[in-house]
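Step one of this worksheet: look at the structure below.
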Amino acid sequence: MKYIEVEFCLEPLQIYSEILQSDLCDIGFESFMDTFEGFLAYCQEGLYSEKEFKLLIARFIELNPEVDISTKIKEIEQQDWNAEWEKSYPAVLINDFCYVHASFHEPIKEVEYNIEISPKMSFGTAHHPTTFQIIQLLQNEDVRGKDVMDMGSGTGVLAILTKMKGASYVEAIDNDEWAFNNAKENIDRNNSEIVVRYGDADLLDRDYDIFIANINRNILLQDISKYANHIRKNGVLFLSGFYTNDVDMLVEEAGKYGFDLDIQLSKENWAALRLIKNK
Ligand SMILES: C[S@@+](CC[C@H](N)C(=O)[O-])C[C@H]1O[C@@H](n2cnc3c(N)ncnc32)[C@H](O)[C@@H]1O
């Protein structure tokens with residue numbers, strides 16, 4: 001059986017790729033594979049309608065004019081999807097300190113923290129520069145005995161890492177049901193003890209020494225005040241999910257709630273910040 005493969009590039013990627021994938025399911029697309037710039041979508045040739053596809057793209061552009069979208073379509077033979085996916089899914093090694101891998105990769109003995117992730121559709125496999133950089137920042141963070149919040153936890157990888165590094169209490173929150181379930185699965189896989197909750201900043205009901213939020217610029221600008229109410233004096237706030245150009249905006253907003261910028265990282269134009277609460 002032949003398949004139609006469509007390669008999507010989207011900018012911005014977050015949110016819109018989920019919307020688009022759900023629309024594509026309605027016209028017969030059955031599987032998706034994330035890439036750095038978007039995703040690959042697959043549809044059986046017999047179920048594919050060029051007319052429906054073009055209409056869908058036109059409607060998406062009309063509803064979301066702020067998104068840059070490009071597509072490349074090709075016909076491919078049926079393949080062993082799992083094998084293809086495994087080939088295209090490399091594990092990620094961060095500074096010989098943390099190895100984020102899938103079940104089909106062998107852990108590396110010499111690396112301090114091996115984290116096994118079942119990535120599915122959730123964000124948080126360390127391939128993305130935002131996750132990668134927060135892991136870099138966590139390498140030098142003494143989390144032992146501390147209370148940690150991972151807001152927008154995706155796969156739960158950051159929460160799992162802080163627990164492995166000796167945090168005493170770790171909580172993970174995500175407002176996406178799929179990510180919430182995936183984080184629970186990954187936490188079990190890594191024999192970790194983390195409280196996972198489905199929701200957003202409105203769930204916050206205790207205080208933390210370390211607060212991580214890798215989400216996106218607008219959500220962070222909207223919710224920093226809520227985070228601030230639950231971060232102890234001298235506590236640390238890690239932020240990511242936005243471009244280097246947006247750093248000043250985020251630092252200014254965080255400054256209103258008593259945060260001073262301590263470290264700024266940048267990778268492929270994505271930023272990650274470590275801020276300290278001075279009150
Ligand atoms: C960029 S991913 C980060 C995932 C993971 N923490 C990492 O660093 O790789 C952002 C996550 O935040 C979640 N999210 C988006 N808006 C949110 C909100 N308002 N509150 C909590 N989670 C949110 C998304 O569902 C997604 O899983």
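Start at 1 and go down the list; that is how both ligands and their atoms are numbered.
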- Message: With a 4.5 Å cut-off on side-chain heavy atoms, are M149 and L204 touching?
- Response: yes
- Item | Best match, D150, D174, N218: closest heavy atom to atom 26 (C) of ligand 1 | D174
- Query: Tell me, do S153 and E171 make a side-chain contact under 4.5 Å, heavy atoms counted?
  - Reply: no
- Over 12 foreign heavy atoms within 6.0 Å of CD, Q222: yes
- Note on the structure: In terms of its nearest heavy atom to atom 19 (N) of ligand 1, the top option of I219, I135, N182, I215 is I219
- Side chains of F53 and L24: does their closest heavy-atom pair fall under 4.5 Å? yes
- Hey, looking at atom 8 (O) of ligand 1, which of I212, N214, N216 has the closest heavy atom? N214
- Note on the structure: For S153, the atoms of ligand 1 under 4.0 Å from one of its heavy atoms are 4 (C), 5 (C), 6 (N)
- Task: Pull out every atom of ligand 1 sitting under 4.0 Å from any heavy atom of G154, numbered as shown with elements.
- Result: 4 (C), 27 (O)
- Item | Greater than 12 external heavy atoms within 6.0 Å of E50's CD | no
- Find all atoms of ligand 1 within a distance of less than 4.0 Å from any non-hydrogen atom belonging to D176, and give their numbers and elements. 25 (O)
- If we only count heavy atoms from C-beta on, is the L250 to L239 side-chain gap below 4.5 Å? yes
- Message: Yes or no: does A213 have any heavy atom under 4.0 Å from an atom of ligand 1?
- Response: no
- Check each heavy atom of T155 against ligand 1 and say whether those closer than 4.0 Å belong to the side chain, the backbone, both or neither. neither
